[in-house]
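All remarks here apply to the structure that follows.
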Protein chains: 2
Amino acid sequence: MKAITVLLADDHLVVRTGLMALLGTQTDIAVVAEVGSGEEALAAVEAFRPDVVMMDLAMGAGMDGIEAIKAVRSKVPGQPVLVFTTYDSDADIVRAVDAGAMGYLLKDAAPEEIFAAIRGAVKGTSHMSPPVASRLFEHFRNPGAVLTPREAELLALLTQGLSNRELGRRLFISEATVKTHLAHIYAKLGVQARAEAIATALRREGMR
Amino acid sequence: MKAITVLLADDHLVVRTGLMALLGTQTDIAVVAEVGSGEEALAAVEAFRPDVVMMDLAMGAGMDGIEAIKAVRSKVPGQPVLVFTTYDSDADIVRAVDAGAMGYLLKDAAPEEIFAAIRGAVKGTSHMSPPVASRLFEHFRNPGAVLTPREAELLALLTQGLSNRELGRRLFISEATVKTHLAHIYAKLGVQARAEAIATALRREGMR
DNA sequence: CCCTGCCTCAGCCTTTTGGCTGATACGACC
DNA sequence: GGTCGTATCAGCCAAAAGGCTGAGGCAGGG
């Protein structure tokens, strides 16, 4: 039986080393390359054509994990990519899934879970860590909470602490429009005021 | 020469595995135990009396890294503890240092840096990753920005998105007093408004 | 004992924010 | 060709937040 080939992309050497050691215990899984950035991952996918890519989402400077997933899958359509990260923020999960990730593992996952996800990925089975799955479920249970692109843009600036006037200047819209968007955002987030919206956005969505 | 004994405390199995693998390449460093929580770390320190403890700050549920450092050092005075974490928020660094940490390493540190920090720790030399050191320096360069206990308490609630009225109710003080504290907080943080204060606090201090 | 820092509070006035109602415009979809 | 979602804007009013000045109590240090 030919071993499943895996590419590791994570900016932390310690994590890559740990994964290599863990995956090394499995005879049917072989790490063929390890890289520390999204750009390198893209190149390595072309060079090695691994069966599965394990990708961290936070990768220091440059291309982030989500962009890397999109780039990889546009270059190699159908390439199975597993997200392997510390966080399980709503936004990250949703963005990863619609960037085409086959699975979403948390770094505190048990080794068996990791192995199972890799084996599943080559067969086209997707795997989510339980907390991730439940968040994703929540997300689709309440699709009313999906912000429009413009609203999301505004929220991002809002979390910088800008005033309505500033928001208007930055987005080239009137203060009246800013207020309209804000009202919609508050309703969707289920909050009463600006402060709460910022708190919610920063906590829930891992926006920083 | 007797090898330096090390205890690893980190809730991520992958990270522990990676560190074991990296440290295993050094003949003068021996990992004597690895644990996944602050409570276990405390027990392991007593049982193994390691030369150095490497401690993560974020450790899921239960005792966090800072508490664990304090507990370890109160049980074994002078025990060298190295913080090994992903983040370098101001608050974490300062709290770790005054909990008695001997050094502060980031997870993306080069292996040589990690080895050096461990070797230094047993000799009583403290080591900081460069970005950490510069933040610590900044912190002491501008001590005016130190919030009073009451202000910190208020800021914590502020980041929950509460209104002035709510803040007053929670802290059993009048809205007038809340405004006074807020004015001081804004001045110390160097911000103009509530929204900015929340953003700054959440981003800079890793309060969540 | 005085000074300083911290916590507490009041009043006054301006600016900002939020709630509401209503309106126009454009593109997609049926 | 109508409908829906999105984005844009206005005006009005009430509530909240912020700037300013002033002030009392209390603990700790010189």
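Heavy atoms only: backbone and side chains are in, while hydrogens, waters and symmetry mates are out.
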In whole angstrom, give the distance that lies between atom [atom1] of [X] and atom [atom2] of [N].
X: Arg150(B); N: dC7(C); atom1: CZ; atom2: C1'; answer: 8 Å
X: Glu153(A); N: dT6(D); atom1: CD; atom2: P; answer: 15 Å
X: Leu154(B); N: dT8(C); atom1: CG; atom2: C1'; answer: 13 Å
X: Glu151(B); N: dG5(C); atom1: CD; atom2: C1'; answer: 11 Å
X: Leu171(A); N: dC9(D); atom1: CG; atom2: P; answer: 10 Å
X: His184(B); N: dT8(C); atom1: NE2; atom2: C1'; answer: 11 Å
X: Phe172(A); N: dA7(D); atom1: CZ; atom2: C1'; answer: 16 Å
X: Lys188(A); N: dT6(D); atom1: NZ; atom2: C1'; answer: 9 Å

Using a 3.5 Å cut-off and no angle test, enumerate the donor-acceptor pairs between side-chain atoms of residues 38-54 of chain A and protein atoms at least two apart in sequence or in another chain.
from	atom 1	to	atom 2	distance (Å)
Glu39(A)	OE2	Met63(A)	N	3.1
Glu40(A)	OE1	Gly36(A)	N	3.3
Glu40(A)	OE1	Ser37(A)	N	3.2
Glu40(A)	OE1	Ser37(A)	OG	2.9
Asp51(A)	OD2	Thr5(A)	N	2.8
Asp51(A)	OD2	Thr5(A)	OG1	3.1

Between the main-chain N or O of [Y] and the side-chain N or O of [X], is there a donor-acceptor pair closer than 3.5 Å?
X: Thr17(B); Y: Leu13(B); result: yes
X: Thr200(B); Y: Glu196(B); result: yes
X: Arg73(B); Y: Gln79(B); result: yes

Is Thr148(A) near enough to dG5(D) that one of its side-chain N or O atoms lies under 4.0 angstrom from OP1 or OP2?
no
Report yes if a side-chain nitrogen or oxygen of Thr177(B) is closer than 4.0 Å to either non-bridging phosphate oxygen (OP1 or OP2) of dT8(C); otherwise report no.
no
I'd like a list of close polar pairs between nucleotides 16-22 of chain C and the protein, N/O only, cut-off under 3.5 Å.
from	atom 1	to	atom 2	distance (Å)
dT16(C)	OP2	Arg165(A)	NH2	2.9
dT17(C)	OP2	Asn164(A)	N	3.1
dG18(C)	OP1	Tyr186(A)	OH	3.1
dG18(C)	OP1	Arg194(A)	N	2.7
dG18(C)	OP2	Tyr186(A)	OH	2.8
dG18(C)	N7	Lys179(A)	NZ	3.0
dG18(C)	O6	Lys179(A)	NZ	2.8

What's the closest nucleotide to the side chain of [X] if the choices are [options]?
X: Ser174(A); options: dC7(C), dT8(D), dA10(D); result: dA10(D)
X: Ala176(A); options: dC7(C), dA7(D), dA10(D); result: dA10(D)
X: His181(A); options: dT8(D), dC7(C), dA10(C); result: dT8(D)

Quick one: which residue pairs count as a side-chain hydrogen bond (donor to acceptor under 3.5 Å, both in side chains) with a foot in residues 110-123 of chain A, not counting sequence neighbours?
Gln26(A)-Arg119(A), Asp28(A)-Arg119(A), Glu113(A)-His127(A), Glu113(A)-Ser129(A)
Apply salt bridge (Lys or Arg N to Asp or Glu O under 4.0 Å) to residues Glu166(B) and Arg170(B) and explain how you reach the verdict.
CA-CA 6 Å; Glu166(B) 269 300 303; Arg170(B) 297 285 192 96; 3.7 Å; yes
Residues that Ser174(B) engages under side-chain hydrogen bond (donor to acceptor under 3.5 Å, both in side chains), provided they are two or more places apart
Thr177(B)
N/O donor-acceptor pairs under 3.5 Å from side chains in residues 146-154 of chain B, not counting sequence neighbours:
from	atom 1	to	atom 2	distance (Å)
Thr148(B)	OG1	Glu151(B)	N	3.2
Thr148(B)	OG1	Glu151(B)	OE1	3.4
Arg150(B)	NH1	Glu153(B)	OE1	3.2
Arg150(B)	NH1	Glu153(B)	OE2	3.4
Arg150(B)	NH2	Leu171(B)	O	3.0
Glu151(B)	OE1	Thr148(B)	N	3.0
Glu151(B)	OE1	Lys188(B)	NZ	2.8

Residues Lys107(B) and Asp10(B) bridged, charged N to O under 4.0 Å
yes
Quick check on the helix from dC1(C)-dG30(D) to dC30(C)-dG1(D): what's the angle between its two end axes, five base pairs per end, to the nearest 10°?
40°
